[in-house]
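Just so we're clear, the structure is a prediction, and the values are computed from it rather than from any experiment. Residue numbers begin at 1 in each chain, while the letters A, B, ... track the order of the sequences.
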Amino acid sequence: METNRVLQPGFNAQVYALVRQVPPGQVTTYGDVAGLLGARRVARHVGFALAALTDPEVPWHRVINAQGRVSFKGDPVRAGEQRRRLEAEGVVFDATERVNLSKFRWDFKNLELLPLP
DNA sequence: GGTTTGACCATAA
DNA sequence: CTTATGGCCAAAC
């Protein structure tokens, strides 16, 4: 038996592809992206993939955690930038710095028409 | 090759 | 509300 690897090669490319499809003014969560890739457990690795991201085409700032909050741990500078960019796109932050996911969460089912690599 | 770490999540108290 | 705990998987040390 080969090792049961949940993450397949190209996982991070899939993450980028999905995140790239999130339109301005909408957000998604790590867990949702992970779930769409077949395994909700790998939510951490979605963040991991984005941490290694250098492609400016990928709107990494539209990915937040399941609590509707910006999730950066060691880099509050980028967290502030993330919030600034989201607000510039029309995403509204609560007084507690939370986003109403019920309202701004992007439904990936809308993009059946878009091809994945 | 075991231990630590990580842009997470859900649940419990 | 916050904090703690367990789970999960892979990469880095």
Item to check | Separation of the C1' atoms in C:dC13 and B:dG1, to the nearest angstrom | outcome: 11 Å

Checklist entry - What is the nucleic acid contact for A:Ala51, judged by heavy atoms within less than 4.0 Å: base, sugar-phosphate only, or nothing? => result base

Checklist entry - Starting at CG of A:Asn12 and ending at C1' of C:dC9, how long is that distance when rounded to a whole Å? => result 15 Å

Checklist entry - How many Å lie between CZ on A:Arg98 and P on C:dT2, as a whole number? => result 8 Å

Item to check | N/O (side chain, A:Arg83) to phosphate O (OP1/OP2, B:dA7) under 4.0 Å | outcome: no

Checklist entry - Atom CG of A:Asp94 to atom P of C:dC1: distance rounded to whole Å? => result 9 Å

Next on the checklist: Taking only side-chain N and O atoms of A:Arg44, does any of them lie within less than 4.0 angstrom of OP1 or OP2 on B:dG6?
Outcome noted: no

Checklist entry - Is A:Gln82 reaching over with its side chain to a backbone N or O of A:Pro76, donor-acceptor style, under 3.5 angstrom? => result no

Item to check | Rounded distance in Å - CZ (A:Phe48) to C1' (B:dT5) | outcome: 8 Å

Checklist outcome for this item: Separation of B:dA7 atom C1' from A:Leu53 atom CG, nearest Å, is 11 Å

Next on the checklist: Without decimals, in angstroms, what is the distance between A:His45 NE2 and C:dA11 C1'?
Outcome noted: 8 Å

Item to check | Length of the CD-P vector between A:Glu97 and C:dC1, whole Å | outcome: 13 Å

Checklist outcome for this item: Per atom distances to the A:Arg41 side chain, the nearest of C:dT2, C:dC8, B:dA10 is C:dC8

Checklist entry - Can a salt bridge be assigned to the pair A:Glu89 and A:Arg85 using a cut-off of 4.0 Å between side-chain N and carboxylate O? => result no

Item to check | Spacing of the C1' atoms in B:dG6 and C:dC8 (rounded, Å) | outcome: 12 Å

